[in-house]
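Beneath this line is the structure, given in structure tokens, with notes to follow.
Each residue takes its place number in the sequence, starting with 1.
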Amino acid sequence: MDTSSGSTQLKTGSEVIQNRVLSEKDWKDKWEAKNIGFHESNVHEFLSEFVEEMVNTRAQIRIFFPLCGKAVDMKWLADMGHSIVGVDVSEKGLKEFFDEQNIPYVEETVPEIPGAKVFKSSTGNISLYCCNMFDLSSSIIGKFGGIWDRGAMVAINPRDRERYTKLILTLMENDCRYLLVTVVYDPKLVQGPPFYISDTVRESLLGQSCNVKFLKSINTFTDRQKGWGLDYYNDNLYLVTLKSSS
């Protein structure tokens, strides 16, 4: 991860603010250069362990994958009978998902979003939108009973987090169960992404509308994070539900 560019970090009280901004082009360039260390080739450990926290005994629910890339988790859940909707700016990543998973697909335009495309599996249970996520709305993609957010909230530019959270809230059915993964490291040492989201920031984003339950933390420190200058790195998992549903 390149941390040499972007603005410097500011410190307000005990809160470190990461102000780095990545453009759509920056993310597309990462995919073109195969600089996708964030991609995982196996189903995420959290998802395989806590999938029932999201599904909650329901069958054939709609699950949203923000900034999905070519996450293998999408096929894993689709094979269980669920319907998957994802979004990413990288057409390359989305096409690689279908090719690598050997899933036939068709490409369509999205009338409501100029220049956008949607790639749909021939079986109809996976639809991946290629566009800016903020161009989507519930009127275009509907609402969801589940959300798997591994690498989305932590990748969104910090200045866009409130906008991101507002969008996610509009996509949640009343009984939606949203699994959110955040990362824990010393934000004074790395500019991100992935960006550090403190408990205070998470509460400010979700606390008013949602119940947030901590599920688990795992040590995910590898040589990759060591190369960034870190000496610890954890993934935290939370279950997010709307207060109106409790």
_Salt-bridge present (Asp199, Arg202; N to O < 4.0 Å)_ = yes
*Is there a donor in the side chain of Ser217 and an acceptor in the side chain of Asn236, or the other way round, less than 3.5 Å apart?*
yes
*Tyr238 and ring pair (Phe, Tyr, Trp, His ring centres under 6.0 Å): which partner among Phe46, Phe214, Tyr178?*
Phe214
_Evaluate Ile147 against Cys176 for side-chain contact (heavy atoms from CB on, under 4.5 Å), listing each step before the verdict._
CA-CA 8 Å; Ile147 298 174; Cys176 181; 4.0 Å; yes
*For Glu203, check side chain to side chain donor-acceptor pair (under 3.5 Å) against everything at least two apart and list the hits.*
none
*Scan side-chain atoms only and decide if Tyr164 and Asp149 contain a donor-acceptor pair under the 3.5 Å cut-off.*
yes
*Looking only at side chains, do Asp88 and Ser90 share a donor and an acceptor under 3.5 Å apart?*
no
*Starting at NE2 of His82, measure out to CZ of Arg62 and round the result to the nearest 0.5 Å.*
13.5 Å
*asked:* Nearest 0.5 Å, please: how far is CD1 in Ile84 from SG in Cys68?
replied: 10.0 Å
*Worked check of salt bridge (charged side-chain N to carboxylate O under 4.0 Å, His left out) between Arg150 and Asp235*: CA-CA 10 Å; Arg150 201 292 300 182; Asp235 282 8; 5.9 Å; no
*From CG (Asp79) to CD (Gln101), nearest 0.5 Å*: 8.5 Å
*How far does CG of Asn19 sit from CZ of Arg159, to the nearest 0.5 angstrom?*
9.5 Å
*Check step by step if side-chain contact (heavy atoms from CB on, under 4.5 Å) holds for Gln18 and Arg20.*
CA-CA 6 Å; Gln18 296 168 302; Arg20 191 178 184 204; 5.9 Å; no
*About how many Å separate CD1 of Ile168 and OG of Ser209, when rounded to the nearest 0.5 Å?*
13.0 Å
*Compare all side-chain heavy atoms of Val184 with those of Tyr233 and state whether any distance is below 4.5 angstrom.*
no
_Working for salt bridge (charged side-chain N to carboxylate O under 4.0 Å, His left out), residues Glu96 and Lys70_ = CA-CA 6 Å; Glu96 285 183 0; Lys70 57 178 181 177; 3.0 Å; yes
